[in-house]
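For reference, the structure is listed below as C-alpha coordinates.
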Amino acid sequence: MSIFTNDPLQIIVFQSYGTNNHFYARGRALEDENINLESNNFFRLLINTWKRFESDEIKNTSLTITFPNNFTITTKTDENGYFVVDEKIEGLSDLANSEGWLHFTVSFTNEHVGRKINLKNKFPGELLIPKQTAEFGVASDIDDTILHTGVISKLKWKLLINTFFRAPFKRKALKGSSEFYSLLHLGKSGENANPIFYVSHSPWNLYRYLEYFLKKNSFPKGAILLRTLKNMMHKNRAEKPQKQKEIINILKTYPTLPLILIGDAGEHDADIYMEIVKNHPERIKAIFLRSVKSERRILRIKNLIENYTEVPFFIVDSSEEAIQLAKKHDFIA
(Lines give C-alpha, C1' and ligand atoms only; values in the text may rest on other atoms or scores of the structure.)
Protein backbone atom coordinates (compact mmCIF):
# COMPACT_ATOMS: atom_id res chain seq x y z
CA MET A 1 0.00 0.00 0.00
CA SER A 2 1.46 3.35 -1.01
CA ILE A 3 1.76 6.13 1.61
CA PHE A 4 1.48 8.78 -1.08
CA THR A 5 -2.08 8.04 -2.16
CA ASN A 6 -5.44 9.25 -0.96
CA ASP A 7 -7.43 6.50 -2.65
CA PRO A 8 -10.21 5.23 -0.36
CA LEU A 9 -10.11 1.71 1.02
CA GLN A 10 -12.39 -1.12 -0.08
CA ILE A 11 -12.97 -4.83 0.46
CA ILE A 12 -13.93 -7.03 -2.50
CA VAL A 13 -15.76 -10.14 -1.24
CA PHE A 14 -15.76 -12.99 -3.75
CA GLN A 15 -18.97 -15.00 -4.22
CA SER A 16 -18.25 -18.31 -2.53
CA TYR A 17 -20.06 -21.39 -1.24
CA GLY A 18 -20.67 -23.31 1.98
CA THR A 19 -23.10 -25.48 3.92
CA ASN A 20 -25.41 -25.21 6.91
CA ASN A 21 -22.39 -25.50 9.20
CA HIS A 22 -19.46 -24.59 6.96
CA PHE A 23 -18.66 -20.93 6.26
CA TYR A 24 -16.09 -20.58 3.47
CA ALA A 25 -15.49 -17.02 2.29
CA ARG A 26 -12.73 -15.29 0.38
CA GLY A 27 -11.93 -11.75 -0.68
CA ARG A 28 -9.33 -9.03 -0.85
CA ALA A 29 -8.75 -5.64 0.81
CA LEU A 30 -7.49 -3.02 -1.64
CA GLU A 31 -7.30 0.66 -2.34
CA ASP A 32 -10.16 1.70 -4.61
CA GLU A 33 -8.58 3.06 -7.78
CA ASN A 34 -11.94 3.85 -9.37
CA ILE A 35 -11.97 1.32 -12.21
CA ASN A 36 -14.94 2.09 -14.47
CA LEU A 37 -16.21 -1.19 -15.92
CA GLU A 38 -18.45 0.63 -18.38
CA SER A 39 -15.74 2.73 -19.97
CA ASN A 40 -14.94 1.95 -23.61
CA ASN A 41 -12.18 4.52 -24.13
CA PHE A 42 -9.02 2.80 -25.37
CA PHE A 43 -6.64 4.64 -23.07
CA ARG A 44 -9.00 4.21 -20.11
CA LEU A 45 -9.07 0.44 -20.81
CA LEU A 46 -5.27 0.41 -20.72
CA ILE A 47 -5.27 2.30 -17.43
CA ASN A 48 -7.93 0.02 -15.97
CA THR A 49 -5.89 -3.06 -16.90
CA TRP A 50 -2.81 -1.57 -15.27
CA LYS A 51 -4.81 -0.82 -12.12
CA ARG A 52 -6.18 -4.37 -11.92
CA PHE A 53 -2.74 -5.93 -11.95
CA GLU A 54 -0.79 -3.22 -10.11
CA SER A 55 -3.20 -3.16 -7.18
CA ASP A 56 -2.43 -1.59 -3.82
CA GLU A 57 -3.41 -4.22 -1.28
CA ILE A 58 -4.17 -3.66 2.39
CA LYS A 59 -1.96 -6.29 3.98
CA ASN A 60 -1.97 -7.84 7.46
CA THR A 61 -5.17 -6.04 8.43
CA SER A 62 -7.89 -7.31 10.77
CA LEU A 63 -11.40 -7.67 9.29
CA THR A 64 -14.76 -8.31 10.95
CA ILE A 65 -17.49 -10.43 9.33
CA THR A 66 -21.03 -9.72 10.50
CA PHE A 67 -23.95 -12.09 9.86
CA PRO A 68 -27.66 -11.13 9.52
CA ASN A 69 -28.24 -12.13 13.17
CA ASN A 70 -25.37 -9.80 14.24
CA PHE A 71 -23.05 -12.71 15.08
CA THR A 72 -19.45 -11.71 14.23
CA ILE A 73 -16.13 -13.41 13.53
CA THR A 74 -12.74 -11.92 12.66
CA THR A 75 -10.06 -12.70 10.11
CA LYS A 76 -6.89 -11.09 8.78
CA THR A 77 -5.54 -10.28 5.34
CA ASP A 78 -2.25 -11.77 4.17
CA GLU A 79 0.76 -10.11 2.53
CA ASN A 80 -1.22 -9.69 -0.71
CA GLY A 81 -4.40 -8.37 0.90
CA TYR A 82 -6.30 -11.66 0.49
CA PHE A 83 -8.33 -13.29 3.22
CA VAL A 84 -9.80 -16.78 3.51
CA VAL A 85 -12.31 -17.77 6.19
CA ASP A 86 -12.96 -21.48 6.69
CA GLU A 87 -15.05 -21.83 9.86
CA LYS A 88 -17.53 -24.26 11.34
CA ILE A 89 -20.67 -22.26 12.20
CA GLU A 90 -24.04 -23.90 12.82
CA GLY A 91 -27.41 -22.79 11.45
CA LEU A 92 -26.25 -20.88 8.38
CA SER A 93 -29.10 -22.19 6.19
CA ASP A 94 -31.62 -20.39 8.41
CA LEU A 95 -29.95 -17.10 7.45
CA ALA A 96 -30.02 -17.73 3.66
CA ASN A 97 -32.68 -16.58 1.19
CA SER A 98 -34.92 -18.78 -1.01
CA GLU A 99 -32.13 -19.24 -3.59
CA GLY A 100 -29.68 -20.34 -0.90
CA TRP A 101 -27.64 -17.12 -0.71
CA LEU A 102 -26.37 -16.03 2.69
CA HIS A 103 -25.73 -12.27 2.85
CA PHE A 104 -23.16 -10.85 5.26
CA THR A 105 -20.87 -7.83 5.56
CA VAL A 106 -17.11 -7.49 5.91
CA SER A 107 -15.55 -4.43 7.59
CA PHE A 108 -12.13 -3.15 8.57
CA THR A 109 -11.97 -3.95 12.28
CA ASN A 110 -9.84 -0.93 13.14
CA GLU A 111 -10.34 2.49 11.59
CA HIS A 112 -7.44 3.57 9.36
CA VAL A 113 -6.56 7.03 10.61
CA GLY A 114 -6.86 9.68 7.94
CA ARG A 115 -8.15 7.27 5.28
CA LYS A 116 -11.57 7.28 3.69
CA ILE A 117 -13.35 3.88 3.63
CA ASN A 118 -16.01 3.22 1.00
CA LEU A 119 -19.59 2.10 1.76
CA LYS A 120 -19.32 3.34 5.36
CA ASN A 121 -17.03 0.39 6.04
CA LYS A 122 -19.72 -2.24 5.32
CA PHE A 123 -18.87 -4.33 2.28
CA PRO A 124 -21.44 -6.91 1.12
CA GLY A 125 -20.60 -10.58 0.76
CA GLU A 126 -22.59 -13.57 -0.48
CA LEU A 127 -22.17 -17.26 0.16
CA LEU A 128 -24.12 -19.97 -1.66
CA ILE A 129 -25.66 -22.78 0.41
CA PRO A 130 -27.33 -25.20 -2.05
CA LYS A 131 -30.91 -26.15 -1.24
CA GLN A 132 -31.74 -29.71 -0.21
CA THR A 133 -33.97 -29.93 -3.31
CA ALA A 134 -31.00 -29.47 -5.68
CA GLU A 135 -30.67 -32.41 -8.09
CA PHE A 136 -27.12 -31.58 -9.13
CA GLY A 137 -24.58 -28.79 -9.29
CA VAL A 138 -22.88 -27.33 -12.35
CA ALA A 139 -19.12 -26.65 -12.39
CA SER A 140 -18.25 -24.64 -15.46
CA ASP A 141 -15.22 -23.07 -17.04
CA ILE A 142 -15.60 -19.47 -18.30
CA ASP A 143 -13.09 -18.76 -21.09
CA ASP A 144 -14.32 -20.04 -24.47
CA THR A 145 -17.02 -21.99 -22.65
CA ILE A 146 -19.43 -19.12 -22.07
CA LEU A 147 -17.22 -16.13 -22.93
CA HIS A 148 -15.51 -15.62 -26.30
CA THR A 149 -11.86 -15.34 -25.25
CA GLY A 150 -9.48 -16.89 -27.79
CA VAL A 151 -7.41 -19.05 -25.45
CA ILE A 152 -6.33 -21.31 -28.33
CA SER A 153 -5.30 -18.46 -30.66
CA LYS A 154 -1.68 -18.37 -31.83
CA LEU A 155 0.50 -16.87 -29.11
CA LYS A 156 -2.82 -16.25 -27.31
CA TRP A 157 -3.07 -12.80 -28.97
CA LYS A 158 -6.90 -12.92 -29.03
CA LEU A 159 -6.88 -13.70 -25.31
CA LEU A 160 -4.70 -10.67 -24.61
CA ILE A 161 -6.76 -8.33 -26.79
CA ASN A 162 -10.09 -9.49 -25.37
CA THR A 163 -8.92 -9.34 -21.75
CA PHE A 164 -6.94 -6.11 -21.82
CA PHE A 165 -8.49 -4.00 -24.57
CA ARG A 166 -12.21 -4.79 -24.43
CA ALA A 167 -14.68 -3.58 -21.83
CA PRO A 168 -16.73 -6.32 -20.12
CA PHE A 169 -20.01 -4.95 -21.51
CA LYS A 170 -18.56 -5.32 -25.00
CA ARG A 171 -17.60 -8.96 -24.50
CA LYS A 172 -19.84 -11.54 -26.14
CA ALA A 173 -21.28 -14.60 -24.46
CA LEU A 174 -21.50 -17.72 -26.60
CA LYS A 175 -24.92 -17.69 -28.21
CA GLY A 176 -27.59 -19.28 -26.04
CA SER A 177 -25.21 -20.10 -23.20
CA SER A 178 -27.03 -18.05 -20.55
CA GLU A 179 -30.28 -19.82 -21.48
CA PHE A 180 -28.58 -23.23 -21.15
CA TYR A 181 -27.20 -22.39 -17.71
CA SER A 182 -30.50 -20.92 -16.55
CA LEU A 183 -32.27 -24.15 -17.54
CA LEU A 184 -29.68 -26.22 -15.68
CA HIS A 185 -30.13 -23.97 -12.65
CA LEU A 186 -33.89 -24.56 -12.70
CA GLY A 187 -33.49 -28.29 -13.35
CA LYS A 188 -36.09 -30.86 -14.32
CA SER A 189 -38.77 -29.43 -12.03
CA GLY A 190 -38.17 -25.85 -13.11
CA GLU A 191 -37.66 -24.70 -9.51
CA ASN A 192 -34.72 -26.66 -8.10
CA ALA A 193 -32.17 -23.81 -7.71
CA ASN A 194 -29.35 -26.17 -8.73
CA PRO A 195 -26.08 -24.42 -7.71
CA ILE A 196 -23.69 -23.03 -10.31
CA PHE A 197 -19.93 -22.85 -9.74
CA TYR A 198 -17.92 -20.79 -12.24
CA VAL A 199 -14.40 -22.23 -12.05
CA SER A 200 -11.74 -20.49 -14.11
CA HIS A 201 -7.96 -20.27 -14.45
CA SER A 202 -8.29 -16.48 -14.63
CA PRO A 203 -6.68 -14.49 -11.77
CA TRP A 204 -8.67 -12.90 -8.95
CA ASN A 205 -7.63 -9.52 -10.41
CA LEU A 206 -10.36 -10.11 -13.04
CA TYR A 207 -13.06 -10.98 -10.50
CA ARG A 208 -15.16 -7.82 -10.86
CA TYR A 209 -14.71 -7.88 -14.64
CA LEU A 210 -16.09 -11.44 -14.86
CA GLU A 211 -18.79 -10.82 -12.25
CA TYR A 212 -19.99 -7.85 -14.34
CA PHE A 213 -19.96 -9.94 -17.54
CA LEU A 214 -22.01 -12.77 -15.98
CA LYS A 215 -24.61 -10.40 -14.58
CA LYS A 216 -24.79 -8.30 -17.77
CA ASN A 217 -25.43 -11.42 -19.86
CA SER A 218 -28.10 -12.84 -17.50
CA PHE A 219 -26.21 -15.91 -16.32
CA PRO A 220 -27.58 -17.43 -13.10
CA LYS A 221 -25.69 -16.18 -10.05
CA GLY A 222 -23.15 -18.63 -8.72
CA ALA A 223 -19.88 -18.94 -6.84
CA ILE A 224 -16.95 -17.48 -8.83
CA LEU A 225 -13.71 -19.36 -8.23
CA LEU A 226 -10.47 -18.00 -9.70
CA ARG A 227 -6.80 -18.18 -8.69
CA THR A 228 -4.02 -15.88 -7.51
CA LEU A 229 -1.35 -14.47 -9.82
CA LYS A 230 1.23 -16.09 -7.56
CA ASN A 231 -0.25 -19.52 -8.28
CA MET A 232 -0.26 -18.76 -12.00
CA MET A 233 3.39 -17.66 -12.12
CA HIS A 234 4.88 -20.27 -9.78
CA LYS A 235 2.89 -23.36 -10.71
CA ASN A 236 4.50 -26.68 -9.83
CA ARG A 237 4.22 -29.04 -12.80
CA ALA A 238 3.44 -31.93 -10.46
CA GLU A 239 0.64 -29.98 -8.81
CA LYS A 240 -2.99 -30.37 -9.90
CA PRO A 241 -4.50 -27.42 -11.84
CA GLN A 242 -6.35 -24.95 -9.60
CA LYS A 243 -9.59 -25.64 -11.48
CA GLN A 244 -9.30 -29.33 -10.67
CA LYS A 245 -8.59 -28.64 -6.99
CA GLU A 246 -11.61 -26.34 -6.75
CA ILE A 247 -13.97 -28.94 -8.26
CA ILE A 248 -12.62 -31.63 -5.93
CA ASN A 249 -13.22 -29.29 -2.99
CA ILE A 250 -16.82 -28.79 -4.15
CA LEU A 251 -17.32 -32.57 -4.31
CA LYS A 252 -15.94 -32.94 -0.79
CA THR A 253 -18.07 -30.08 0.53
CA TYR A 254 -21.28 -31.65 -0.87
CA PRO A 255 -20.76 -35.44 -0.65
CA THR A 256 -24.28 -36.25 -1.91
CA LEU A 257 -24.49 -33.63 -4.69
CA PRO A 258 -23.55 -34.88 -8.18
CA LEU A 259 -22.03 -32.44 -10.67
CA ILE A 260 -22.32 -31.70 -14.36
CA LEU A 261 -18.96 -30.48 -15.70
CA ILE A 262 -18.82 -27.97 -18.56
CA GLY A 263 -15.73 -26.77 -20.38
CA ASP A 264 -14.24 -26.35 -23.83
CA ALA A 265 -12.22 -28.52 -26.17
CA GLY A 266 -9.42 -25.98 -26.53
CA GLU A 267 -7.16 -26.69 -23.59
CA HIS A 268 -7.11 -29.48 -20.98
CA ASP A 269 -10.67 -29.59 -19.66
CA ALA A 270 -11.27 -33.08 -21.08
CA ASP A 271 -8.21 -34.50 -19.30
CA ILE A 272 -9.02 -32.74 -16.02
CA TYR A 273 -12.67 -33.79 -16.06
CA MET A 274 -11.93 -37.41 -16.97
CA GLU A 275 -9.46 -37.66 -14.09
CA ILE A 276 -12.10 -36.26 -11.72
CA VAL A 277 -14.56 -38.92 -12.92
CA LYS A 278 -11.93 -41.63 -12.41
CA ASN A 279 -11.13 -40.54 -8.86
CA HIS A 280 -14.71 -39.72 -7.85
CA PRO A 281 -16.89 -42.43 -9.43
CA GLU A 282 -20.64 -41.91 -9.49
CA ARG A 283 -20.28 -38.22 -8.60
CA ILE A 284 -20.37 -36.80 -12.14
CA LYS A 285 -23.61 -36.95 -14.15
CA ALA A 286 -22.20 -35.74 -17.48
CA ILE A 287 -19.46 -33.76 -19.21
CA PHE A 288 -20.20 -31.11 -21.84
CA LEU A 289 -17.35 -29.63 -23.92
CA ARG A 290 -17.73 -26.73 -26.32
CA SER A 291 -16.07 -27.45 -29.64
CA VAL A 292 -13.37 -25.08 -30.88
CA LYS A 293 -12.13 -24.14 -34.33
CA SER A 294 -9.21 -26.53 -34.30
CA GLU A 295 -9.52 -29.87 -36.05
CA ARG A 296 -6.36 -31.12 -34.33
CA ARG A 297 -7.70 -30.42 -30.83
CA ILE A 298 -11.14 -31.85 -31.59
CA LEU A 299 -9.59 -35.00 -33.08
CA ARG A 300 -7.43 -35.44 -29.96
CA ILE A 301 -10.48 -35.35 -27.69
CA LYS A 302 -12.54 -37.62 -29.95
CA ASN A 303 -9.72 -40.15 -29.79
CA LEU A 304 -9.51 -39.65 -26.04
CA ILE A 305 -13.17 -40.43 -25.45
CA GLU A 306 -13.57 -43.18 -28.02
CA ASN A 307 -15.28 -46.07 -26.25
CA TYR A 308 -15.53 -43.92 -23.10
CA THR A 309 -18.48 -45.18 -21.05
CA GLU A 310 -17.94 -43.90 -17.49
CA VAL A 311 -20.31 -40.92 -17.89
CA PRO A 312 -22.15 -39.27 -20.80
CA PHE A 313 -19.53 -37.14 -22.59
CA PHE A 314 -20.69 -34.60 -25.18
CA ILE A 315 -18.76 -32.35 -27.57
CA VAL A 316 -21.29 -29.71 -28.66
CA ASP A 317 -21.18 -27.11 -31.41
CA SER A 318 -23.92 -24.89 -29.95
CA SER A 319 -25.99 -24.15 -26.88
CA GLU A 320 -29.05 -25.38 -28.74
CA GLU A 321 -27.41 -28.79 -29.15
CA ALA A 322 -26.40 -28.80 -25.46
CA ILE A 323 -29.98 -27.97 -24.42
CA GLN A 324 -31.40 -30.81 -26.53
CA LEU A 325 -28.93 -33.29 -25.03
CA ALA A 326 -29.70 -32.07 -21.50
CA LYS A 327 -33.43 -32.59 -22.16
CA LYS A 328 -32.79 -36.05 -23.59
CA HIS A 329 -30.96 -37.06 -20.40
CA ASP A 330 -33.62 -35.52 -18.12
CA PHE A 331 -31.34 -32.84 -16.67
CA ILE A 332 -33.81 -30.10 -17.68
CA ALA A 333 -37.47 -29.87 -18.62
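Please read these numbers as outputs of a predicted model, since none were measured by experiment. Atoms considered below: every heavy atom in the structure, side chains included; atoms not considered: hydrogens, waters and symmetry mates.
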Apply side chain to side chain contact (heavy atoms under 4.5 Å, CB included) to the pair Ile224 and Tyr207, showing each step before the final yes or no. CA-CA 8 Å; Ile224 300 174; Tyr207 174 80; 3.7 Å; yes
Kindly determine whether Leu128 and Ser16 satisfy side chain to side chain contact (heavy atoms under 4.5 Å, CB included), including the steps that lead there. CA-CA 6 Å; Leu128 176 61; Ser16 191; over 6 Å; no
Which is it for Tyr198 and Leu225 under the side chain to side chain contact (heavy atoms under 4.5 Å, CB included) test, yes or no, and what are the steps along the way? CA-CA 6 Å; Tyr198 298 101; Leu225 310 169; over 6 Å; no
Determine, stepwise, if the pair Asp7 / Asp32 fulfils side chain to side chain contact (heavy atoms under 4.5 Å, CB included). CA-CA 6 Å; Asp7 289 335; Asp32 183 2; 5.7 Å; no
Given side chain to side chain donor-acceptor pair (under 3.5 Å), test Asn118 with Gln10 step by step and report yes or no. CA-CA 6 Å; Asn118 287 345; Gln10 65 174 339; 4.8 Å; no
One pair to check against side chain to side chain donor-acceptor pair (under 3.5 Å): Gln324 and Glu320. What are the steps and the verdict? CA-CA 6 Å; Gln324 292 304 315; Glu320 183 178 14; 5.6 Å; no
Step-by-step salt bridge (charged side-chain N to carboxylate O under 4.0 Å, His left out) determination, Asp271 to Arg300: CA-CA 11 Å; Asp271 307 83; Arg300 184 188 82 86; 2.8 Å; yes
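When the side chains of ILVMFWY residues are joined at heavy-atom separations under 4.5 Å, either directly or via intervening members, Leu186 and Phe136 end up in two distinct hydrophobic clusters. No path of Ile, Leu, Val, Met, Phe, Trp and Tyr side chains, each step under 4.5 Å between heavy atoms, connects Leu226 with Ile248, placing them in separate hydrophobic clusters.
Within the 3.5 Å criterion, the main-chain N or O of Lys175 finds no donor-acceptor partner in the side chain of Ser177. Distance alone, capped at 3.5 Å, places no donor-acceptor pair between the Arg290 side chain and the Asp144 backbone. At distances below 3.5 Å, at least one donor-acceptor pair connects side-chain atoms of Asn69 with backbone N or O atoms of Phe71. A side-chain donor-acceptor contact under 3.5 Å links Gln15 to the backbone of Gly222. Here the side chain of Thr109 pairs a donor or acceptor atom with the backbone of Ser62 at under 3.5 angstrom. When atom types are taken as modelled, the side chain of Asn249 and the backbone of Lys245 share no donor-acceptor pair closer than 3.5 angstrom. Panel note: side chain Arg28, backbone Glu57; no donor-acceptor pair is recorded below 3.5 Å. With hydrogens and angles ignored, the 3.5 Å screen pairs a side-chain donor or acceptor of Thr77 with a backbone N or O of Thr61. Side chain of Tyr273 to backbone of His268: no donor-acceptor contact under 3.5 angstrom is found. The main-chain N or O of Phe219 is never found under 3.5 Å from a side-chain atom of Ser178 such that the two would form a donor-acceptor pair.
To the nearest 0.5 Å, atoms OG (Ser93) and CG (Asn20) are separated by 3.5 Å. Separation of atoms CZ (Phe23) and CG (Leu95) is listed at 10.5 Å; rounding is to 0.5 Å. Rounding to the nearest 0.5 angstrom, the gap separating the CG atom in Leu210 from the OG atom in Ser200 is 6.0 Å. Between the CD atom of Glu321 and the CZ atom of Phe288 there is a distance of 9.5 Å, given to the nearest 0.5 Å. With values rounded to the nearest 0.5 angstrom, Ile262 atom CD1 is found 11.0 Å from Asp269 atom CG. Note that CD1 of Ile287 and CD1 of Ile260 are 11.0 Å apart. Values are rounded to the nearest 0.5 Å.
Lys188 approaches Ile332 most closely through the heavy-atom pair CD-O, 3.8 Å. Annotation for Ile73 and Glu87: closest pair CD1-CG, 4.2 Å, computed over non-hydrogen atoms. Nearest approach of Lys285 to Pro258, heavy atoms of both residues: CG-CB, 3.7 Å. Leu174 and Ser319 get closest at one heavy-atom pair: O-OG, 4.5 Å. Shown here for Ser189 and Asn192, the closest heavy-atom pair between the two residues is OG-OD1, 2.7 Å. Nearest heavy atom pair, residue Val13 against residue Gly125, reads CG1-CA, 3.6 Å.
Ring geometry for Tyr254 against Tyr17 counts as tilted: the plane angle lies between 30° and 60°, on a 0 to 90° scale.
Between Asp86 and Arg26, no side-chain nitrogen of the basic residue sits less than 4.0 Å from a carboxylate oxygen of the acidic one, so the salt-bridge criterion is not met. Salt bridge annotation for Lys243-Asp141: present, with a cationic side-chain nitrogen under 4.0 angstrom from a carboxylate oxygen. Under the 4.0 Å criterion applied to side-chain N and carboxylate O atoms, Glu126 and Lys221 are assigned as salt-bridge partners. With respect to the salt-bridge test (charged N to carboxylate O, under 4.0 angstrom), the residues Arg115 and Glu31 qualify.
The closest side-chain heavy-atom distance from Phe331 to Asn194 is not below 4.5 Å. Considering only heavy atoms from C-beta on, Tyr308 comes within 4.5 Å of Met274 through its side chain. Using a 4.5 Å cut-off on side-chain heavy atoms (C-beta onward), His329 and Phe314 make contact. Looking only at side-chain heavy atoms (C-beta outward), Leu102 and Pro68 come within less than 4.5 Å of each other. When side chains are defined from C-beta on, His103 counts as touching Asn97, because their heavy atoms get closer than 4.5 Å. Within the 4.5 Å cutoff, no side-chain heavy atoms of Thr253 are placed close to those of Tyr24. Taking the side chain as every heavy atom from C-beta outward, Asp264 and Leu289 never approach each other to under 4.5 Å. The shortest distance between side-chain heavy atoms of Phe108 and Leu9 falls below 4.5 Å.
Atom CD of Glu310 sits in a crowded spot, with more than 12 heavy atoms from other residues, nucleotides or ligands closer than 6.0 Å. By the neighbour-count criterion of 12 heavy atoms within 6.0 Å, atom CD of Glu90 is densely surrounded, having more than that number from other residues, nucleotides or ligands.
Defined by atom type and a distance below 3.5 Å, a donor-acceptor pair is present between the side-chain atoms of Tyr181 and Ser140. Side chains of Glu275 and His280: no donor on one and acceptor on the other come within 3.5 Å.
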